[in-house]
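Order of listing sets the numbers, starting from 1, for every ligand and every atom in it.
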Amino acid sequence: MKRRFFLGLAANYPGDEIFAHTFMVGRKEDLTDLKSFLLKRYGGEKAILTKNGRSALTLALQAYFEPGDQILVNGFTCYAVYEAVKAAKLEPVFVDISLNDLNFTTTTLGAAFETNSAIRDTTKETESTAEKTNPTTNMIKGIIIQNTLGNPVDIVAIEKFAAEHGLTIIEDLAHSAGVKYIDGREVGTVGAATVLSFGKEKSIDTVAGGALVLRQPCKNTIEAPNKLPRLRDHLRARLYPFFGLVCRKLTTIHLGGVLMKILLKIHLVERSADSKLDLKRRLSKFEAKRALMQIKGLSRAGEKPLRNFYLVHDRDKLLAELKEAGYYFDGFWYEKPVSPVRYYKKVHFPEKDCRNAVYAAEHIINIPKYYRKKNLEPAIKIIEKYLEEKA
Ligand SMILES: *Cc1c(COP(=O)(O)O)cnc(C)c1O
């Protein structure tokens, strides 16, 4: 039997793209071209190109909210989102998800509102009853729409909910660039601001980078980053697809894995979650060029989900069985309600309010869309044996 090995890291760049990526020369115009394209596609006042997605998200939050404001965040997410919320001096309110699409719904949003006002009421017991019952004491001012793994939220219901509660919508397209909502609108054309990540395995992947489109007038002025990217960040982004190729070519998973570990150790490769937030540095010119090519290539009919997900019982046993068959997963989205696990403790996640998110993190397995269907067939068969029956 031919063994196939999937490395979670560096698995998704086809050969010809690796060459183009490594040697691509960017020009100043690539930055302005990308900005104009983003403005045309998403509509808006201003586009800003950033070092990564979390820096773009931080700037978006600074532009529309005040320090101390609370913001609704999908309770099944990446640490980058939490980091951006904190960097903008806002407080995240994590909202539980539906197990059908891993997104919050108006029901779970309503529950988060209630829990939150209950907490406020008990802390305000000594204050006047007028203040207690006054809905304006609620500090929830915004909502980040995530479209988890490329599954669109029920935008019609959520837009209505946001309007009723006076919430400003920020759309985070890290998972969902090119996806269409059920009412036919494209993601990124609804909220006050649209945030993109161009990081590894995101829907636009130039290894690193981010962008922000300010669609509605800002409350606060923000400064667009203008410093050049650091040389070592630039090199890491340049070489990552090449290193990935070398790791994959090392025929056994063992050697490829070992090399990847060494590259991580000597910081020639960086784990996505460890990318530093930086509001001063802009996107590299060659990344702008690559991002523009990819955005232009998004399907007009709407992109498929970024990762197909399954909820399975006994995931450890399944992963072992997959490995036996030559399928090696070294990461799935997400292993904790706020991932990766090494940052989870910092977050103080409200597990008892977000039971579905906790459940999903323990039972999920998902497969990036860049694998060929044919190569995956044996793996899917194995997975299907383990499928959780939906309650
Ligand atoms: C990855 C990610 C981001 C931003 O990531 P960067 O690594 O900073 O580019 C934002 N939101 C979500 C949901 C993500 O998964």
[atom] [closest protein heavy-atom partner, distance rounded to 0.1 Å]:
atom: atom 2 (C) of ligand 1; value: K202 NZ, 2.5 Å
atom: atom 6 (P) of ligand 1; value: G53 N, 3.5 Å
atom: atom 12 (C) of ligand 1; value: D172 OD2, 3.4 Å
atom: atom 7 (O) of ligand 1; value: R54 NH2, 2.9 Å

Can you name the atoms of ligand 1, numbered from 1 with element, that are less than 4.0 Å from a heavy atom of [X]?
X: C78; result: 1 (C), 2 (C), 14 (C), 15 (O)
X: V81; result: 10 (C), 11 (N), 12 (C), 13 (C)
X: S197; result: 4 (C), 5 (O), 6 (P), 9 (O)
X: A174; result: 2 (C), 3 (C), 10 (C), 11 (N), 12 (C), 14 (C)

Item to complete: Decide whether an N or O pair under 3.5 Å exists between H175 and ligand 1.
Response: yes
Worksheet item: Do ligand 1 and Y334 have nitrogen or oxygen atoms that lie under 3.5 Å from each other?
Response: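 Yes, since at least one N or O of Y334 sits under 3.5 Å from an N or O of ligand 1.
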Using 4.0 Å as the upper bound for N to carboxylate O, is an ion pair formed by [Y] and [X]?
X: E186; Y: R41; answer: yes
X: D233; Y: K51; answer: yes
X: D278; Y: K276; answer: no
X: K86; Y: E91; answer: yes
X: R27; Y: D30; answer: yes

Item to complete: Using distance alone, with no hydrogens and no angle criterion, decide if S275 and N52 have a side-chain donor and acceptor under 3.5 Å apart.
Response: yes
Discussion item. So, applying ring-ring contact (aromatic ring centres under 6.0 Å, His included) with Y343, which one of Y79, Y82, Y334 is it?
Written reply: Y79
